[in-house]
Amino acid sequence: MIVLFNCTCAVPTTMDSFHPVPVKVNPDLQKERDAALFNPVELTYLKDGGKDKTERRRRCELLAINDPDLQHKDISFMARNERYSNAVRKAVIIARKIKEHRLTNMEEKQLYISAATQYDTYGFGLHYGMFLPALSAQCDEEQRNYWLPLAENLKILGTYAQTELGHGTFIRGLETTAIYDPKTEEFVLHTPTLSALKWWPGNMGKTATHAVVLAQLYTNGKSYGLHPFIVQLRSLENHQPLPGITLGDIGPKLGFHSFDNGFLGFDHVRIPRRNMLMKYSQVSPDGFYIKPIHAKLTYSTMVEARVTLVSDIAYSLSQAVTIAVRYSAVRRQTEQIKGVKEPQILDYRTQQLKLFPYLAAAYAFTFTSFVITGRYIEVQNEMNDGNMESLSELHALSAGLKAFTSYVGNEGIEVCRLSCGGHGYSQASGFPELYTLTAPISTFEGENTVMLLQTARYLMKCATTAKRGLELPRFVLYLSQRQKGQCPARNESDLLDHGLLSDAFEHRARRLVIEAAQKMQSNIGKGNPQHVAWNNCHMYLLKAASAHCHFYVVQTFVKYINDTEMSDAVRDILTSLCQFYALHGIWQNAGDFLQDGYMNGNQLDMVQSLVGKLLDKIRINAVALVDAFDFRDEILCSKLGKYDGNVYEAMYEWAKNSPLNKTEVHDSYNKYLRPLMQSSKAKL
Ligand SMILES: CCCCCCCC/C=C\CCCCCCCCCCC/C=C/C(=O)SCCNC(=O)CCNC(=O)[C@H](O)C(C)(C)COP(=O)(O)OP(=O)(O)OC[C@H]1O[C@@H](n2cnc3c(N)ncnc32)[C@H](O)[C@@H]1OP(=O)(O)O
Ligand SMILES: Cc1cc2nc3c(=O)[nH]c(=O)nc-3n(C[C@H](O)[C@H](O)[C@H](O)COP(=O)(O)OP(=O)(O)OC[C@H]3O[C@@H](n4cnc5c(N)ncnc54)[C@H](O)[C@@H]3O)c2cc1C
């Protein structure tokens, strides 16, 4: 092998470092680590919830990474069929190993799975991600006792079949019918039109044996709307689709290549009455319908999934910035002074401006995911006691945050890719897979615009409640407070105050929510029906919901720093990161803060100047900040983001494995090129 890059710096090891000690580490990266003003491992412990949790996570990851049964060639070099097969093979091994290693706790199982699948999709993703949660949430006790052991022990493999070819967002408009037949005590499932074919459900194309199917319930000639049913799709003997069921894979997509998203049609398929999931609503043997205590309980699986997606997007964005920051420390470009080494690209202000907002957002979203997960558990406990009061709040919060964080996350991953220049476009960078895995989060589990409009709908109601002087839930309490006049900042140091920054976002959110409510009122006042007024006001509503989420994230970041014990060094860097997140947000949305005179041009100048100054503070700590995410190379799957920074060697080694390099002369030479070139009359 040609040695294109060489250096001999040794990596200092500490008890806390878990990265295997490389023979050599890129000196630029080492210099960054030496210069950092805090110990990244302290931040790792904080993020994981304590040293013992970090150690447990690392143990789980190593169990998967070191397992010879879970090894395979790089998925970049696999065709789709091979990828699907490999994902299923690994899913089966993972299930066995989780038992062997006695990983009983859910968090450990998830850690193990994510290390074992690396950056590919998990072959039983829908089974564990939606099918089991749907069964858990929607089965009554007797049904749970029957179905859960089958699903948990993988005697059946499931998916969640809701979306249809013609309808995804508007689920009240789904066409699949489940008509109750009291004579046989069965439901008849049917796909009445082409547009009613179930379309998209993951693992349905080739893997699943069962599905939780969402269908319109009819009994005694009346329609009762969407309800969940468990339906067997394939034989448990030979995996053939059962009579009356049409199944298939929907074909290649932008990404998710190892996933068999599928289509499904029913031709008058009969299922027993008790296959309707009956925790909340029931149909009696004679066809009598009992309605649920809350109309939207059927949607609860989606709420849970949206909460989880906030953590997922924080995780993916953290991976993207890890790759881009490390690479930017190693990559040198464009001689500035003749004869002097080209600078690290991380030194360019423009590069910092690309990466640091997303580095800050990755931390902000991580802390936000802790809070929303905690709130989800609280509300779930209330609901288990029959109290549905907070369901609307949870829906508004999870829908909005899923949309807000995934917009920023997807954009951030793409900016990180661009910041790595040409190499960012190579599969070796890890970006193509990371991007295409994360991109659909803006679409699935509720398309982002639609989700923000759901949050806006809730905020409009809260604005009316506030106007009437009635009580509001904690997370929207600010809507009942009076606007605070102008931003009081007189100098730059005032603008670094966390309270002042949070107040600025609060002011903006309140103003935009109230403004949207007023626009709605005046639209309705002009005689427009509600839906027309709503459409006319979309741009105000979207902005209001987004500003509300932005405020929520800033406030959460501030509160996390205030309420959490940490060393001075870590507090100092998180404080800078939080200031940067907020100030950069103001700078990017300057119009909103100027529009009503809350801030003036002079204050905006100071904001911009501080954004520049904070770049320096983050610059010194940037590599340590991404090291603190603590991604092993085997999990990051990026030649650009390697812990040792030996990027060029890794890329060269990787490229040599390309299937096109198997032979020196490709078949196509003899087939096509040679005849073309030798037929030419011209002689050399
Ligand atoms: C041995 C091994 C062991 C291993 C163990 C392993 C454990 C591992 C665990 C996990 C591994 C996981 C790996 C996962 C890998 C996953 C890979 C990829 C997954 C991708 C999956 C994607 C799935 C999907 O996309 S499923 C389909 C999702 N579809 C949607 O989200 C549709 C969006 N549309 C809607 O939600 C609705 O239609 C709507 C909200 C837009 C409108 O609804 P509508 O009924 O029309 O309501 P509307 O009239 O607007 O409003 C009426 C009132 O209802 C309120 N409301 C609406 N929704 C809700 C709700 N959800 N909850 C509460 N309230 C709601 C609304 O606000 C209105 O209220 P108001 O008071 O009347 O104003
Ligand atoms: C990778 C992937 C995996 C998936 N997995 C599953 C699965 O396992 N199970 C499952 O059931 N489904 C699954 N889905 C489907 C997914 O849930 C839907 O695609 C999603 O809910 C969006 O719905 P849609 O496709 O109907 O989008 P549309 O609603 O058609 O959106 C198209 C455009 O219309 C706009 N729009 C729609 N309605 C409104 C409105 N009311 N107001 C303003 N604008 C509007 C949207 O903002 C968007 O710009 C998956 C999708 C993908 C991409």
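Just so it is clear, the structure is predicted and the values come from calculations on it, not from any experiment. Counting starts at 1 for both ligands and their atoms, in listed order.
Nearest-heavy-atom check against atom 44 (N) of ligand 2 across L214, V450, T159, T163 picks out V450. Of the options H395, E445, K99, E304, the smallest heavy-atom separation from atom 28 (C) of ligand 1 is shown by E445.
Remark: atom 34 (O) of ligand 2 lies closer than 4.0 Å to no protein heavy atom. By the definition of a contact as any protein heavy atom under 4.0 Å away, atom 30 (O) of ligand 2 is not in contact. At least one protein heavy atom sits closer than 4.0 Å to atom 9 (N) of ligand 2. Distance remark: protein heavy atom present below 4.0 angstrom from atom 6 (C) of ligand 2. In this structure, atom 25 (O) of ligand 2 has its sub-4.0 angstrom surroundings free of protein heavy atoms.
Between H167 and ligand 2, a contact under 3.5 Å exists for no N or O pair. Between L453 and ligand 2, not a single N/O pair is under 3.5 Å apart. For ligand 2, the polar-atom distance check against T169 finds a nitrogen or oxygen pair separated by under 3.5 Å. The N/O atoms of Q454, backbone and side chain alike, include one that comes under 3.5 Å of an N/O atom in ligand 1.
Of all atoms in ligand 1, listed by their number and element, those nearer than 4.0 Å to a heavy atom of M106 are 7 (C). Atom numbering of ligand 1 starts at 1 in the shown order; those under 4.0 Å from a heavy atom of Y160 are 26 (S). Near V450, with a cut-off below 4.0 Å to any heavy atom, the atoms of ligand 1 are 41 (C). For ligand 1 and I171, the ligand atoms under 4.0 Å from any heavy atom of the residue are 35 (C), 37 (C), 38 (O). Atoms of ligand 1 found under 4.0 Å from any heavy atom of Q162, numbered from 1 in the order shown, are 27 (C), 28 (C), 29 (N), 30 (C), 32 (C). With ligand atoms numbered from 1 in the order given, ligand 1 contributes 4 (C), 6 (C), 8 (C) to contacts under 4.0 Å with heavy atoms of I113.
For atom 30 (C) of ligand 1, the closest heavy atom belonging to the protein is M302 SD, 3.3 Å. For atom 3 (C) of ligand 1, the closest heavy atom belonging to the protein is Y128 OH, 3.4 Å.
A donor-acceptor contact shorter than 3.5 Å links the side chain of S300 to the backbone of L297. Checked by atom type and distance alone, the side chain of Q71 pairs as donor or acceptor with a backbone atom of I65 at under 3.5 Å.
Of all the heavy atoms of F124, none lies under 4.0 Å from any atom of ligand 1, so neither backbone nor side chain is involved. Proximity of L126 to ligand 1, defined as any heavy-atom pair under 4.0 Å, is confined to the side chain (atoms from C-beta onward). Using a 4.0 Å cut-off between heavy atoms, R457 contacts ligand 1 through its side chain alone, with no backbone atom that close. Looking at E447 against ligand 1, nothing comes within 4.0 Å, counting heavy atoms. If you look at Y458 next to ligand 1, there are no close heavy atoms at all, none under 4.0 Å.
Remark: distances from the non-hydrogen atoms of T121 to ligand 1 are all 4.0 Å or more. Using a non-hydrogen distance threshold of 4.0 Å, H538 registers as a contact of ligand 2. For the ligand labelled ligand 1, residue R306 lies inside the 4.0 Å heavy-atom shell.
Here the two rings, on F131 and Y160, have centers that are 6.0 Å apart or farther. F256 and Y84 have their aromatic ring centers separated by at least 6.0 angstrom.
When each of R57, K53, R56 is paired with D48, the salt bridge (charged side-chain N to carboxylate O under 4.0 Å, His left out) condition holds for R57 and for no other.
Here the side chains of K296 and Y299 are in contact, with some heavy-atom distance below 4.5 Å. Looking only at side-chain heavy atoms (C-beta outward), P292 and K279 stay at 4.5 Å or farther from each other.
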